[in-house]
Amino acid sequence: MAAKTLTIDGTQVSAEEGATVLQVARDHGIEIPTLCHLEGVYDVGACRLCLVEVAGIAKLLPACTTKISEGMELKTNSERLQKYRRMTLELLFAERSHVCAVCVSNGHCELQTLAYSHGMEHVRYDYCFPKWKVDVTHRLFGMDHNRCILCARCVRVCWHIEGAGTKNVSGRGASANIINDLNQPWGQSDSCTECGKCVMSCPTGALFHKGSTVAEMVHDRDKLEFIVNAREKKQWIV
Amino acid sequence: MVNEDLNVIAEKEQAARKKIVIRCCMAAGCMSSKSEAVKKNLEQAVNEAELSDGVEVRGVGCMKLCCEGPLVSVDSQNALYEKVTPENALELVQTLKGGNTGIKRGDWNHPFFKKQMSIVLANSGEIDPERIEAYIAVEGYQALLTVLREMTPKQVVEEMVKSGLRGRGGAGFPTGIKWGTVAKTESAQKYVICNADEGDPGAFMDRSVLESDPHSVLEGMAIAAYAVGANQGFIYVRAEYPLAIKRLQTAIKQAKQLGLLGSSIFESPFNFNIDIRIGAGAFVCGEETALMASVEGKRGTPRPRPPFPAESGLWGCPTLINNVETFANVPPIYRKGAEWFASIGTEKSKGTKVFALAGKINNTGLIEVPMGTTLRQIVEEMGGGAPDGREIKAVQTGGPSGGCIPAQHLDTPVDYDSLMKLGSIMGSGGMIVMDDSTRMVDVARYFMEFCVDESCGKCVPCRAGTQQMLHLLEKILNRKATGHDLAKLEELCDMVRHTSLCGLGQTAPNPTLSTLRFFRKEYEELLQPEEFGRYENGEARALK
């Protein structure tokens with residue numbers, strides 16, 4: 001493999017031919033934000049957060065799918081890119097219902113983290129508040145479409161790491177959504193192997209383990225009463 | 001099949017030609033106004049009048065002046081009959097015996113016909129599209145024969161480069177260069193795809209070409225396949241075009257029977273097959289990478305380029321994708337030579353362009369004009385201006401990816417670069433005329449709604465950005481927006497244009513941007529003062 005030399009944000013770096021801009025940047029400690037990229041599965045260039053400026057090319061190119069070339073000059077964090085990234089994040093927040101305070105992923109959500117790091121103080125667009133359903137028919141997992149950003153990481157993981165092919169995208173535009181098998185409730189899916197890889201891959205709280213949602217928080221007060229009764233009244237049956 | 005066989009078919013066809021030919025339009029437009037029944041009654045009337053020895057009633061492709069359909073022409077009278085009904089077919093046939101008729105007569109000398117220059121549409125409205133013999137009789141498949149017998153693939157590509165043909169699908173990429181790239185890429189398997197997923201609202205050029213002269217597209221594809229080294233072709237045509245699909249199926253079957261498609265074409269080592277793939281009606285499948293995904297049987301969503309289809313296309317093999325009209329231009333180029341083709345049009349846009357003229361205009365239909373014809377010539381002279389004596393306000397080209405060109409720029413020549421300079425694009429050929437009753441913000445809203453519906457949903461700017469832009473446009477139209485909202489809209493236009501994954505998103509802001517450029521006042525008139533929506537003394541400010 002031949003080595004290629006290129007410039008990223010003014011720093012000269014060299015890397016192996018065939019590497020993507022994103023790989024090379026991250027190897028050299030240059031952070032480019034991503035949402036649809038996931039190590040281990042192929043890239044689709046859908047979230048548009050990793051767009052970079054390449055000298056001599058009018059179009060912005062996604063770092064995740066663009067291969068490096070000799071003499072490439074890249075800008076990964078220009079003011080223009082920062083602005084576009086913030087807008088992309090705002091659009092995502094306005095598109096579905098992302099309410100961090102009641103989300104299973106609050107505090108460990110990639111969307112939330114990026115919003116913080118990009119100084120997204122508020123959303124300037126009107127919230128769409130579409131009414132998406134929550135699918136909790138599966139024994140172990142749940143899917144809240146209201147928190148889905150359609151990165152399709154779960155789809156790629158399901159097909160190419162697990163090989164089950166349960167998840168897919170259906171519909172288009174605003175009504176695009178993740179489905180199971182032939183658009184049936186997750187619990188009725190024949191192909192799902194219950195491996196949970198989709199939950200691992202989800203950048204937000206759209207896919208979650210059952211029992212972890214805010215509403216499912218159980219205090220179990222009865223148990224306290226049972227113990228007190230047992231000790232004081234010697235009653236062992238409730 | 002060799003040269004002589006082709007000549008035999010042509011001669012036989014010419015010999016069978018009767019003295020008088022009555023042509024009846026059998027393209028989708030006229031058929032929707034009963035031209036099938038007209039043709040049937042014409043045939044019956046000819047038989048009843050005992051004229052069938054000398055008169056032939058021929059179903060032909062689009063006769064172009066769609067608004068006056070069903071159209072019937074009689075060559076011995078040099079007459080064009082308009083709005084013919086099944087009831088007055090008999091009367092029409094009686095004119096051959098000296099009878100009179102009150103049927104509306106069209107004027108072949110009207111600029112609508114006079115100013116046309118037919119290369120792509122040369123056979124449209126002339127020959128029966130359902131008979132390969134009719135195509136062969138007008139030098140059909142001669143170009144393929146010449147190319148296979150006398151030229152190397154390299155020479156074929158060079159000839160195409162020389163012709164200066166640019167892609168007719170909208171972007172105008174030089175066809176010769178595209179062919180050359182696919183030809184140079186080494187691979188045991190290559191493909192040729194014809195993009196017939198015409199989806200722009202108001203556009204029907206490609207449909208007409210397929211319905212009127214399907215063999216010209218097949219021949220063009222075969223020549224292209226020989227040039228690039230492909231042995232398999234696909235025509236990706238939308239399901240909304242059932243007649244075009246039917247005629248293509250007929251044409252492919254006939255060409256295979258005569259050995260003009262299949263193995264050892266013209267007894268050469270060249271093999272080429274064509275299959276049809278029917279699209280399920282997604283606009284985005286006109287985008288080449290989405291189209292290829294759809295042909296492969298996958299969800300029709302685009303993917304980032306590079307790699308371009310020329311390097312890695314269908315199933316990872318080098319693939320040539322051209323539009324219907326581009327392929328239809330190919331046979332004439334090899335029949336008459338690249339120099340001939342390059343002598344037509346402007347310096348950077350060669351040949352002719354077919355436009356579907358629609359909207360607020362008197363003569364709607366199909367026109368083919370040399371590149372460089374001005375918009376004014378097209379809409380005022382050929383199109384006959386706006387109906388009811390109204391003023392033309394703007395011309396929209398390029399569908400949801402294009403822009404509105406205002407009346408003051410009507411003297412712009414129609415070529416790729418001039419239209420680009422005005423913030424529009426040539427597009428595939430839809431041309432929608434708007435009169436002074438049209439509100440431009442409405443137009444922008446209409447096209448944005450189209451993009452919202454048709455966005456595949458893969459990338460964020462196109463999926464979520466178009467929704468917000470539509471919302472802002474509606475807010476403006478409802479007189480609930482302020483200057484802030486307009487600024488937000490413009491900012492989004494810029495962002496969606498530069499960050500979207502494919503052409504659909506990248507060009508979705510164009511109708512809005514171009515109406516903002518030329519008709520900004522119409523937007524501003526709808527805006528509310530900045531204080532709008534703020535409360536005063538406990539009450540919301542009244543609307544303007």
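By convention in this document, chain letters (A, B, ...) are assigned in the order of the sequence lines, proteins followed by strands, and residues within each chain are numbered from 1.
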Trainee: Considering residues, nucleotides and ligands other than A:K75, do more than 12 of their heavy atoms fall under 6.0 Å from its NZ?
Mentor: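 Check fails, neighbour count at 12 or below.
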Trainee: NE2 of B:H484: more than 12 outside heavy atoms within 6.0 angstrom?
Mentor: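 No, the 6.0 Å shell around NE2 holds no more than 12 heavy atoms from other groups.
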Trainee: About how many Å separate OG1 of B:T499 and CZ of A:R80, when rounded to the nearest 0.5 Å?
Mentor: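 A:R80 CZ to B:T499 OG1: 9.5 Å, rounded to 0.5 Å.
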Trainee: What part of B:H471 lies closer than 4.5 angstrom to a heavy atom of chain A: side chain, backbone, both or neither?
Mentor: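 For B:H471, side-chain heavy atoms alone lie under 4.5 Å from chain A.
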Trainee: Does B:R463 reach the main-chain N or O of A:S175 with its side chain, forming a donor-acceptor pair under 3.5 Å?
Mentor: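 Not confirmed, B:R463 side chain does not pair with A:S175 backbone.
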Trainee: Do you know which of A:N168, A:I149, A:L150, A:N177 has the most heavy-atom pairs with chain B at a distance under 4.5 angstrom?
Mentor: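 Among the listed options, the one with the most contacts to chain B is A:L150.
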Trainee: Can you tell which part of B:S500 gets under 4.5 Å to a heavy atom of chain A, answering side chain, backbone, both or neither?
Mentor: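 For B:S500, the contact with chain A is made by the backbone alone.
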Trainee: So A:D126 and B:K475, side-chain contact (heavy atoms from CB on, under 4.5 Å) or not? Walk me through it.
Mentor: CA-CA 11 Å; A:D126 290 344; B:K475 204 169 166 187; 4.1 Å; yes
Trainee: Can you tell me which portion of A:R124 sits under 4.5 Å from chain B's heavy atoms? Options are side chain, backbone, both or neither.
Mentor: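 Both parts, heavy atoms under 4.5 Å.
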Trainee: Verify the neighbour count for atom CH2 of A:W132: are there more than 12 heavy atoms of other residues, nucleotides or ligands below 6.0 Å?
Mentor: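 It does: A:W132 CH2 has more than 12 such atoms within range.
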Trainee: A side-chain contact here means heavy atoms from C-beta on lying under 4.5 Å apart; do A:T65 and B:R303 qualify?
Mentor: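 No, too far: nothing below the 4.5 Å cut-off.
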Trainee: If every non-hydrogen atom of B:P304 is compared with every non-hydrogen atom of A:G45, which pair is closest and at what distance?
Mentor: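 That would be CG-CA, 4.2 Å.
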Trainee: I need the B:H498 NE2 to A:L81 CG distance, nearest 0.5 Å.
Mentor: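 Rounded to the nearest 0.5 Å, the NE2-CG separation comes out at 11.5 Å.
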Trainee: Could you tell me whether A:E73 atom CD has more than 12 heavy atoms of other residues or ligands within 6.0 Å of it?
Mentor: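 No, not enclosed.
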Trainee: Is there a side-chain contact between B:K488 and A:Y125 in this structure, where contact means two heavy atoms from C-beta onward sitting under 4.5 Å apart?
Mentor: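 Yes. Closest side-chain heavy atoms under 4.5 Å.
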Trainee: Could you check which of B:G465, B:G457, B:C456 has the highest count of heavy-atom pairs closer than 4.5 Å to chain A?
Mentor: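 Ranked by heavy-atom pairs under 4.5 Å with chain A, first place is B:C456.
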Trainee: If you count heavy-atom pairs under 4.5 Å between each of B:P302, B:C459, B:P306, B:G300 and chain A, which one has the most?
Mentor: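 Heavy-atom pair counts peak at B:C459.
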Trainee: Above 12 or not: heavy atoms from other molecules or residues under 6.0 Å from CD1 of A:I57?
Mentor: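 Atom CD1 in A:I57 is crowded, with more than 12 foreign heavy atoms closer than 6.0 Å.
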Trainee: Need one label for B:L492: side chain, backbone, both or neither, based on atoms under 4.5 Å from any heavy atom in chain A.
Mentor: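 Contact with chain A is through both the backbone and side chain of B:L492.
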Trainee: What residues of residues 448-455 of chain B make heavy-atom contacts with chain A at a cutoff under 4.5 angstrom?
Mentor: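 So far as heavy atoms go, B:V452, B:D453, B:E454, B:S455 are the residues that approach chain A to under 4.5 Å.
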Trainee: Which atoms form the tightest heavy-atom contact between A:E95 and B:Q467, and what is the distance?
Mentor: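 Smallest interatomic distance, heavy atoms only, reads OE2-NE2, 3.4 Å.
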Trainee: Taking the side chain as everything from C-beta on, heavy atoms only, tell me whether A:C128 gets closer than 4.5 Å to B:Q468.
Mentor: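 They are in side-chain contact.
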Trainee: Looking at CZ of A:R86 and CE of B:M495, how far apart are the two atoms once the value is rounded to the nearest 0.5 Å?
Mentor: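 Answer rounded to 0.5 Å: 11.5 Å.
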Trainee: Please look at A:K83 and chain B and tell me whether the side chain, the backbone, both or neither of the residue comes under 4.5 angstrom of a heavy atom of that chain.
Mentor: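 For A:K83, the side chain is the part near chain B, not the backbone.
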Trainee: Mind listing the closest non-hydrogen atom pair of B:V460 and A:L91 along with its distance?
Mentor: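 Closest pair (atom of B:V460, atom of A:L91, distance): CG1-CB, 4.4 Å.
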Trainee: Is A:S170 close to chain B through its backbone or its side chain, or both, or neither, when contacts mean heavy atoms under 4.5 Å?
Mentor: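 Contact with chain B involves the backbone of A:S170 alone.
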